[in-house]
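What follows is a short report on a single structure.
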Amino acid sequence: MERATASACPAPAGAGFFVPSSESSRRHLTGLEGVPRETLLHLLDGAKRYRERLAGGPWQSDALRGIAVCNAFFEDSTRTRLSFELAEQRLGAMHVTFGETGTSVNKGETLLDTMRVVRSQGVSLVVVRHRSSGTARFLAREIDASIINAGDGAHEHPTQGLLDLMTLRDAWNDRFEGRRIAIVGDITHSRVARSAIAGLTTLGATVTVCGPGTLMPAEVEALGCAVAPTVEAALEGADAAMALRLQRERMDRGLLASSGEYARVWGLNPARVALMKPDAVVMHPGPMNRGVEIMPEVADGARSVIFDQTANGVPVRCAVLSWCALGDAEAAL
Ligand code: CP
């Protein structure tokens, strides 16, 4: 298969999980690459406890009372921004949210100076989404605050990765070993795919990717996955499928003939998902382009866990926020 020349790892190697340095006791979550299995399971167990609390009726805690959180979203978001804000409110944190519009970034202020301003206001935890790969790791080095990556360019989206793991843990009865997922579509530009591959392979699942050659990074196998030549080959006998959105905002022109052609060759339709195991599930990180990467009858069909993924957003973000903000004290929650 002819491949695009983009690197499989658009951010610097090791730009994933950021272990607190000796100079700082702060915890950061900048990626799932390199996060130990025990930490992943700890965060997933925490998210499950938060989900049970939230399911029990109105619930709010003061675990993060007095802690100021800033949600800095320099790219559009519905799911991630709302679920971080709701998680912060559930945990009793003070929180503010801003984006590129309506701030002094538009007057030429650098990202670093903006974040220094944020830190000077007493914020100790920053949730950041930015178009540039490596932004979260950069801020973790430069700012004395915990940094949570809410999606940086084509690098990682670790809290999306965790809610995908949580959804699969439910579907797979707590066992990742011996399970296989097919991730279909625009792998080159997908931070969701990178976080999913990192987390799933650490927990013992097998990942097969497939998609147009122009949207498949060179040396993608270095991420720990196999590559299938067709969507049918990837889906045959799989335990789950994840369709990816075409990331047109990150694409150069000419990478795709047309949306219709993409849907015909790579779209998840009923005949294709029937190739998976009978209990296999269908996922999509959202936002979906119905009729392009996923057909409506699949998105709304019996196998779909797409809105289970979004429902896991608040519990996962509660777990990550408390893990980052409270350090070792979080274990007592
Ligand atoms: N999956 C995801 O990151 O969605 P949003 O862009 O709506 O946050």
Side-chain angles (χ1 to χ4, degrees), residues 10-11 16 29-33 43-44 47 69-90 95 97-101 126-136 147-168 181 183-200 209 211 215 240-251 268 281-290 292-294 298-299 304-321:
L29 186 68
T30 61
L32 295 190
E33 182 197 352
L43 290 170
L44 293 175
V69 182
C70 176
N71 303 301
F73 277 70
F74 296 99
E75 273 191 343
D76 294 342
S77 169
T78 299
R79 279 147 281 268
T80 312
R81 186 170 62 79
L82 292 186
S83 57
F84 266 112
E85 288 181 354
L86 287 167
E88 289 149 12
Q89 290 182 35
R90 294 282 188 186
H95 65 112
T97 297
F98 70 87
E100 205 156 35
T101 54
V126 174
V127 178
V128 64
R129 170 170 288 196
H130 200 278
R131 75 183 77 82
S132 298
S133 300
T135 295
I147 306 295
I148 300 175
N149 182 5
D152 61 332
H155 173 226
E156 281 225 38
H157 190 351
T159 56
Q160 175 72 41
L162 285 168
L163 70 86
D164 291 340
L165 292 177
M166 188 173 188
T167 306
L168 286 169
I181 184 170
I183 302 181
V184 183
D186 179 3
I187 309 293
T188 293
H189 301 101
S190 179
R191 54 198 180 203
V192 172
R194 278 179 187 74
S195 290
I197 293 167
L200 284 162
V209 296
L215 299 176
M242 181 189 291
L244 298 174
R245 184 174 68 84
L246 292 173
Q247 314 265 304
R248 291 194 182 277
E249 69 276 21
R250 282 182 251 286
M251 274 183 207
L268 293 190
V281 295
V282 173
M283 307 172 75
H284 192 302
M288 287 185 274
N289 290 307
R290 288 172 178 260
V292 181
E293 65 262 3
I294 190 165
V298 173
S304 173
V305 290
I306 292 168
F307 291 100
D308 297 332
Q309 291 172 264
T310 54
N312 287 331
V314 172
V316 159
R317 276 130 193 162
C318 283
V320 171
L321 286 161

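Ligands are counted one by one from 1 in listed order, and the atoms in each one are counted from 1 as well.
Looking only at side-chain heavy atoms (C-beta outward), Met283 and Ile181 come within less than 4.5 Å of each other.
Near Thr78, with a cut-off below 4.0 Å to any heavy atom, the atoms of ligand 1 are 5 (P), 7 (O), 8 (O). Residue-ligand proximity, Gln160 to ligand 1, at heavy-atom distances under 4.0 Å covers atoms 1 (N), 2 (C). Near Pro285, the atoms of ligand 1 lying under 4.0 angstrom from a non-hydrogen atom of the residue are 1 (N).
Only the side chain of Arg129 comes within 4.0 Å of ligand 1, counting heavy atoms alone; its backbone N, CA, C and O stay farther away.
Nearest to atom 4 (O) of ligand 1 among the protein's heavy atoms is Arg79 NE, 3.0 Å. Thr80 OG1, 3.6 Å is the protein heavy atom nearest to atom 2 (C) of ligand 1.
Phe84 carries Arg317 over the face of its six-membered ring, with the cationic atom under 6.0 Å from the centre and within 45° of the normal.
Thr30 contributes no side-chain N or O that, together with a main-chain N or O of Asn149, makes up a donor-acceptor pair within less than 3.5 Å.
The two residues Ala243 and Ile294 make their nearest non-hydrogen contact at CB-CB, 4.5 Å. Among all heavy-atom pairs drawn from Glu156 and Ser195, the shortest one is OE1-OG, 2.5 Å. Between Thr188 and Ala154, the closest heavy-atom pair is O-CB, 3.8 Å.
Considering backbone and side-chain N/O of Pro287, none are found under 3.5 Å from N/O of ligand 1. The distance criterion of under 3.5 Å between nitrogen or oxygen atoms is not met by Arg81 with respect to ligand 1.
Between Gly286 and ligand 1 there is a heavy-atom distance shorter than 4.0 Å.
For the atom pair CG of Leu32 and CG of Asp164, the computed distance is 9.5 Å after rounding to the nearest 0.5 Å.
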